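Worksheet: one structure, shown below.
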Protein chains: 2
Amino acid sequence: MAFMQVDPVLFAKALADETRQEIMRQLCCVWLNVNDLVERLDGRVNQPTVSHHLKKLEEAGLVAVRQEGRYRYYSLNQEFLTVCCGALVTNFAPDYRTNVIPVDAINVGRIDRGFDG
Amino acid sequence: MAFMQVDPVLFAKALADETRQEIMRQLCCVWLNVNDLVERLDGRVNQPTVSHHLKKLEEAGLVAVRQEGRYRYYSLNQEFLTVCCGALVTNFAPDYRTNVIPVDAINVGRIDRGFDG
DNA sequence: CCATTATATCGACAAATATCGATTTGTCAA
DNA sequence: TTGACAAATCGATATTTGTCGATATAATGG
């Protein structure tokens, strides 16, 4: 995993929308392309809106992207999300910072599932 | 600590502003009244704006409030913030959920510092 | 090539929100 | 009770942001 800087405001803004959180739930543990997502959101929003949200999530470092022919697959970056949450606790809840195990401490030997889990 | 429900969207929206995060930093580990905060923000915003942000933070459960005469003291609720971060990881990063120790598991015997730390 | 499909981008619009000055509400001290 | 101060609320404004339809870009298959 490439080094990624945590920006607490950017992170929070990325999460601060119901639709985006729904997209994140859908992208958790799986790779989906844009139309997959549009279908799963079942008429609530349409394609340009999904693309818009994916861009925001990508800018925040919260999704990984993989181009496969004319399809673009997205998946939630769970590790970075965990790092961001840890940074929030470190920044804003120092009394509790010891309750979060830093990600890099548990990364050793981690299995990377890659495409399609 | 009273039971408090986590709403991931409300939590993220509360954090999704630079000024609010600055206020949260100032309220970390100390109790400040509104004018204290206005002074510490050093001209960036003025009193009604600070009150507005405090209201948002209160609605999200992120600050504790204590009326003391005509002063109103606020302090960051570190525990709830930690719980919210844990909920985010549980929701969106299940592969990493074991890396966060649930707050209720470490609350036993915790020292409550109370007013003025 | 061309028609088709997938996705990003653009322009417009509406809703949400951050900010401020002015005012109101609430509390105290003399 | 009154004058002063602390903080919330109100109304207005500007900015940001979510959404959409239309279009552009890009890749594919025939």
Side-chain angles (χ1 to χ4, degrees), chain A residues 7-27 30-76 115-116, chain B residues 7-27 30-76 115-116:
Chain A
D7 176 339
V9 175
L10 188 63
F11 173 63
K13 280 177 186 277
L15 286 169
D17 180 80
E18 175 60 45
T19 303
R20 223 140 50 218
Q21 287 201 9
E22 175 64 25
I23 289 173
M24 288 171 64
R25 263 184 293 276
Q26 295 292 341
L27 289 180
V30 294
W31 291 84
L32 298 176
N33 63 46
V34 180
N35 278 326
D36 290 340
L37 276 169
V38 173
E39 285 172 19
R40 294 200 184 203
L41 295 178
D42 207 47
R44 297 211 297 105
V45 288
N46 54 17
Q47 180 263 316
T49 301
V50 172
S51 283
H52 165 75
H53 288 309
L54 288 171
K55 189 178 184 181
K56 292 232 162 186
L57 292 172
E58 190 179 356
E59 285 166 354
L62 288 171
V63 293
V65 193
R66 193 191 287 257
Q67 185 97 28
E68 200 86 8
R70 49 182 164 169
Y71 299 89
R72 217 150 203 266
Y73 289 93
Y74 291 86
S75 184
L76 189 62
F115 191 79
D116 271 340
Chain B
D7 176 339
V9 174
L10 187 63
F11 173 63
K13 280 178 186 277
L15 286 169
D17 181 80
E18 175 61 45
T19 303
R20 221 138 51 218
Q21 288 201 8
E22 175 63 25
I23 289 173
M24 288 171 64
R25 264 184 292 276
Q26 295 292 341
L27 289 180
V30 294
W31 291 84
L32 298 176
N33 63 45
V34 180
N35 278 325
D36 289 340
L37 276 169
V38 173
E39 285 172 20
R40 294 200 185 204
L41 295 179
D42 207 47
R44 296 211 299 104
V45 289
N46 54 18
Q47 180 262 316
T49 302
V50 172
S51 284
H52 165 75
H53 288 309
L54 288 170
K55 189 178 184 182
K56 292 233 161 185
L57 292 172
E58 190 179 355
E59 286 166 354
L62 288 171
V63 292
V65 193
R66 191 191 287 258
Q67 186 96 29
E68 200 86 8
R70 50 182 163 170
Y71 299 90
R72 213 150 206 267
Y73 289 93
Y74 291 86
S75 185
L76 188 62
F115 191 80
D116 271 340

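Nothing here was measured: the structure is a model prediction, and the numbers come from that model. Letters A, B, ... are given to chains in the order of the sequence lines, protein chains preceding strands, and every chain is numbered from 1.
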## Note on the structure
Here the distance between atom C1' of D/dA6 and atom CZ of B/Arg66, to the nearest Å, is 18 Å

#### Entry: Short N-O contact, B/Glu58 and B/Lys55, less than 4.0 angstrom
no

Could you go through nucleotides 6-10 of chain C and list every protein N or O atom that sits under 3.5 Å from one of its N or O atoms, giving the distance for each pair?
{"from": "C/dA6", "atom 1": "O3'", "to": "A/Arg70", "atom 2": "O", "distance (Å)": "3.4"}
{"from": "C/dT7", "atom 1": "OP1", "to": "A/Val34", "atom 2": "N", "distance (Å)": "3.4"}
{"from": "C/dT7", "atom 1": "OP1", "to": "A/Arg72", "atom 2": "N", "distance (Å)": "3.1"}
{"from": "C/dT7", "atom 1": "OP2", "to": "A/Asn35", "atom 2": "N", "distance (Å)": "3.0"}
{"from": "C/dT7", "atom 1": "OP2", "to": "A/Asn35", "atom 2": "ND2", "distance (Å)": "3.2"}
{"from": "C/dA8", "atom 1": "OP1", "to": "A/Arg72", "atom 2": "NH1", "distance (Å)": "3.4"}
{"from": "C/dA8", "atom 1": "OP1", "to": "A/Tyr74", "atom 2": "OH", "distance (Å)": "2.4"}
{"from": "C/dA8", "atom 1": "OP2", "to": "A/Ser51", "atom 2": "OG", "distance (Å)": "2.4"}
{"from": "C/dA8", "atom 1": "N7", "to": "A/Gln47", "atom 2": "NE2", "distance (Å)": "2.7"}
{"from": "C/dA8", "atom 1": "N6", "to": "A/Gln47", "atom 2": "OE1", "distance (Å)": "3.3"}

### Summary
Separation of D/dT16 atom P from B/Glu18 atom CD, nearest Å, is 14 Å

### Task
Calculate the interatomic distance between B/Glu39 atom CD and D/dA7 atom C1'; express it in whole Å.
14 Å

### Query
To the nearest angstrom, how far is A/Lys13 atom NZ from D/dG18 atom C1'?
13 Å

#### Entry: Protein-nucleotide distance (B/Leu37, atom CG; D/dA8, atom P), rounded to Å
10 Å

### Task
Hey, which sits more toward the 5' end of DNA chain C by its nearest nucleotide, B/Lys56 or B/Asn46?
B/Lys56

#### Entry: C/dA18 phosphate, OP1 or OP2, under 4.0 Å from B/Thr19 side-chain N/O
no

## Note on the structure
So CD of A/Gln67 and CG of A/Asn33: to nearest 0.5 Å the spacing works out to 10.5 Å

#### Entry: Residues B/Glu22, B/Arg25; criterion salt bridge (Lys or Arg N to Asp or Glu O under 4.0 Å); working and verdict
CA-CA 5 Å; B/Glu22 175 63 25; B/Arg25 264 184 292 276; 3.6 Å; yes

#### Entry: Distance in Å, B/His53 NE2 paired with B/Leu37 CG, rounded so as to fall on 0.5 Å steps
11.0 Å

#### Entry: Atom-to-atom span, CD of A/Glu68 to C1' of D/dA26 - whole angstrom
16 Å

### Query
What is the distance from CG of A/Asp17 to C1' of D/dT16, rounded to the nearest Å?
13 Å

Polar pairs (N or O, both sides) under 3.5 Å between protein and nucleotides 11-13 of chain C?
none

### Task
Using a 4.5 Å cut-off on heavy atoms from C-beta on, say whether the side chain of B/Gln21 contacts that of B/Leu15.
yes

